[in-house]
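For ligands, and for the atoms within them, numbers begin at 1 and follow the listed sequence.
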Amino acid sequence: MFKYQITGGVPLAGTVRVSGAKNSALKLMAASLLTTGKSVLYNVPLINDVYTMADVLRAIGATVIITPDRVEIDSSGELSHTTPYELVRKMRASITVMGPLLARLHRARVAMPGGCNIGPRKLDFHFNGLEKLGARIHADHGFINVATNGLTGDVISLDYPSVGATENLMMAACLARGRTVIESAAREPEMIDLAKFLTSMGASISGAGTETIVIDGVDELHSATHTVIPDRIEAGTFMLAAAVTGGDIEIEGANPRHLEIFISKMRAIGAAIDERDDRIHCRAAEAYHGTDIATLPYPGFPTDLQAPAIVLLSLAQGHSIVTENVFENRFGFVDELNRLGADVRTSGHHAVVHGQSRLEGAIVEAPDLRAGAALVLAGLAASGESEVRRIGHIDRGYENFEQKLQVLGADIKRVETGDLAPSAAPFN
Ligand code: EPZ
């Protein structure tokens, strides 16, 4: 296993290029199962979740070649409808192979991903929608079995704009008979990216990015090439890195239109943000104002930036109330952050952040991906030495994280801990 050794107090400055979006790339890889051709994806971030998804696709029978500039997926061979437990357990996003396998093979057997550090992560929205399309679903021995004699389009009203359910249903509906309407659909930019890829494969989709997505089923899809959109969560993470370290960072390749509410909150807190079509510049302020934040489905404040934003609010003048509306248990990192000198109290979905903390280096442990990034930011802002352990979580979702920070002046090193990796770290 590895940890980060950090010496904080250095203002980060310079230019960093954001990678392709993890939460789009993984689904685009799954969507490649819908065709018997060879699809090519560009701007895929080389992160552990991408390697895990490649292993899932290989276990199903696809050929996956990953090179620094692209990922080639050839699913023209005989596919298995079963995904292995040990891979799905590692990464919840594997569940998005269910829609494509059901559409293509009329059946799928996917290990239940189980809960993780940020909540139970149920799948009822996925199942209810697939049943509406004509799937029969039953669970046995920790696996979910879905089967159909043929999917038929229908109107699906989601109880909640679930990202994964919207993606699974969009992919399944592409090969269903007739029209599917997904109401209360997720509106994240990753939905638009997936719809663009599916459309380039021959699907008929309209409304992606709005709360109503219409899919007219087609008989078959062909292979396509696609470039993944930039990772808005990584871009927001580097904006916060500039703010918490008193720095000045240009984030190249970022799309400010994917972060509108986040940018307006950063300005309310006091950071100076300049936006261009394909870059965002963030300059720190002398002082920050306590500001209340409530996470919401897109276009609301992204839950994936809640933990890193609390680090900035810890440094602000005055108190802030942060409400986590998306996940059941996403304040797990607060105890670790308080060990660095922050003063955050939580109660249910609310966290009260007492500002003006002087963060001091300490040894902390990353509980999950985004909390791990938040603890790195806190270590960079703190005075003295910090260690962030269990950074395998961070390796899942941030490409070349320490290298990008080092280029910006951060004193951060990846060091072996000598411990064995945990058998199945809870993933989200
Ligand atoms: C995706 O997770 C992202 N992961 C998450 O990013 C992100 O935080 C989340 O969307 C919200 O934006 C990937 O895309 C791989 P949801 P997903 O379905 O699809 C509940 C990161 O750090 N729910 O919108 O799982 C669920 O428990 C990760 O990159 C049900 O109750 O999100 C949660 O409370 C973390 N039943 C809420 O809805 C269901 O059937 C949002 O889940 C599905 C979800």
*Counting only N and O atoms by type, is there a donor-acceptor contact under 3.5 Å from the side chain of Lys413 to the main-chain atoms of Glu402?*
no
_Please work out, at 4.0 Å between heavy atoms, whether the side chain, the backbone, both, or neither of Arg92 comes within that distance of ligand 1._
side chain
*At a 4.0 Å threshold, what atoms of ligand 1 neighbour a non-hydrogen atom of His126?*
40 (O)
*Going by an N to O cut-off under 4.0 Å, is there a salt bridge joining Arg414 and Asp395?*
yes
*asked:* In the structure I gave you, are the side-chain heavy atoms of Phe333 and Asp368 within less than 4.5 Å of one another anywhere?
replied: no
*For Phe125, is at least one N or O under 3.5 Å away from an N or O on ligand 1?*
yes
_Against ligand 1, does His393 come closer than 4.0 Å with any heavy atom?_
no
*Output the list of atoms in ligand 1 that are nearer than 4.0 Å to some heavy atom of Gly164, sorted by atom number.*
18 (O), 19 (O)
Validation: residues 344-352 side-chain donor-acceptor distances under 3.5 Å, sequence neighbours left out:
{"unit_1": "Arg345", "atom_1": "NE", "unit_2": "Asp343", "atom_2": "OD1", "d": "3.1"}
{"unit_1": "Arg345", "atom_1": "NH2", "unit_2": "Asp343", "atom_2": "OD1", "d": "3.4"}
{"unit_1": "His349", "atom_1": "ND1", "unit_2": "Glu324", "atom_2": "O", "d": "2.5"}
{"unit_1": "His350", "atom_1": "ND1", "unit_2": "Thr323", "atom_2": "OG1", "d": "3.0"}

*By salt bridge (Lys or Arg N to Asp or Glu O under 4.0 Å) - contacts of Asp277 (at least two apart)*: Arg257
*May I ask you to identify, for Glu324, whether its side chain, its backbone, both or neither come under 4.0 Å of ligand 1 on a heavy-atom basis?*
neither
_Going by the closest heavy atom to atom 35 (C) of ligand 1, which one wins out of Asp159, Ile95, Asp304, Asn329?_
Asp304
_Is the shortest side-chain heavy-atom distance between Leu41 and Thr225 below 4.5 Å?_
no
*Checking Thr166 side chain against Ala186 main chain: does a donor-acceptor pair fall under 3.5 Å?*
yes
*Using a 4.0 Å heavy-atom cut-off, say whether Asp124 meets ligand 1 through its side chain, its backbone, both or neither.*
both
*In a check of salt bridge (Lys or Arg N to Asp or Glu O under 4.0 Å) between Asp304 and each of Lys22, Arg330, Arg232, which one passes?*
Arg330
_Ligand-side contact atoms (ligand 1) for residue partner Phe327, heavy atom cut-off under 4.0 Å_ = 8 (O), 9 (C), 33 (C), 34 (O)
*Without swapping roles, check the side chain of Asn145 against the backbone of His138 for a donor-acceptor pair under 3.5 Å.*
yes
*Against heavy atoms of Lys27, which atoms of ligand 1 measure under 4.0 Å?*
13 (C), 14 (O), 15 (C)
*Should the pair Asp49-Arg92 be classified as a salt bridge under the 4.0 Å nitrogen-to-oxygen rule?*
no
_Does only the side chain of Asp49 get under 4.0 Å from ligand 1, or the backbone, or both, or neither? Count heavy atoms._
neither
*Flag Arg370 as yes when one of its N or O atoms lies below 3.5 Å from any N or O atom of ligand 1, and as no otherwise.*
yes
*Considering the heavy atoms of Lys22, write down every atom of ligand 1 situated less than 4.0 Å from one of them.*
21 (C), 29 (O)
*asked:* List ligand 1 atoms under 4.0 Å from Val326, heavy atoms only on the residue side.
replied: 33 (C), 34 (O), 37 (C), 41 (C)
*Please check if any side-chain donor atom of Thr417 sits under 3.5 Å from a side-chain acceptor atom of Arg389, or the reverse.*
no
*Please could you name the atoms of ligand 1 that Arg330 approaches to less than 4.0 Å, counting only its heavy atoms?*
8 (O), 22 (O), 35 (C)
*For Ala93, take its heavy atoms, then give the atoms of ligand 1 lying under 4.0 Å from any of them.*
15 (C)
_From Leu123, Leu296, Val163 - option closest to atom 10 (O) of ligand 1 by heavy atom_ = Val163
_ligand 1 contact on Tyr160 by region, counting heavy-atom pairs under 4.0 Å_ = side chain
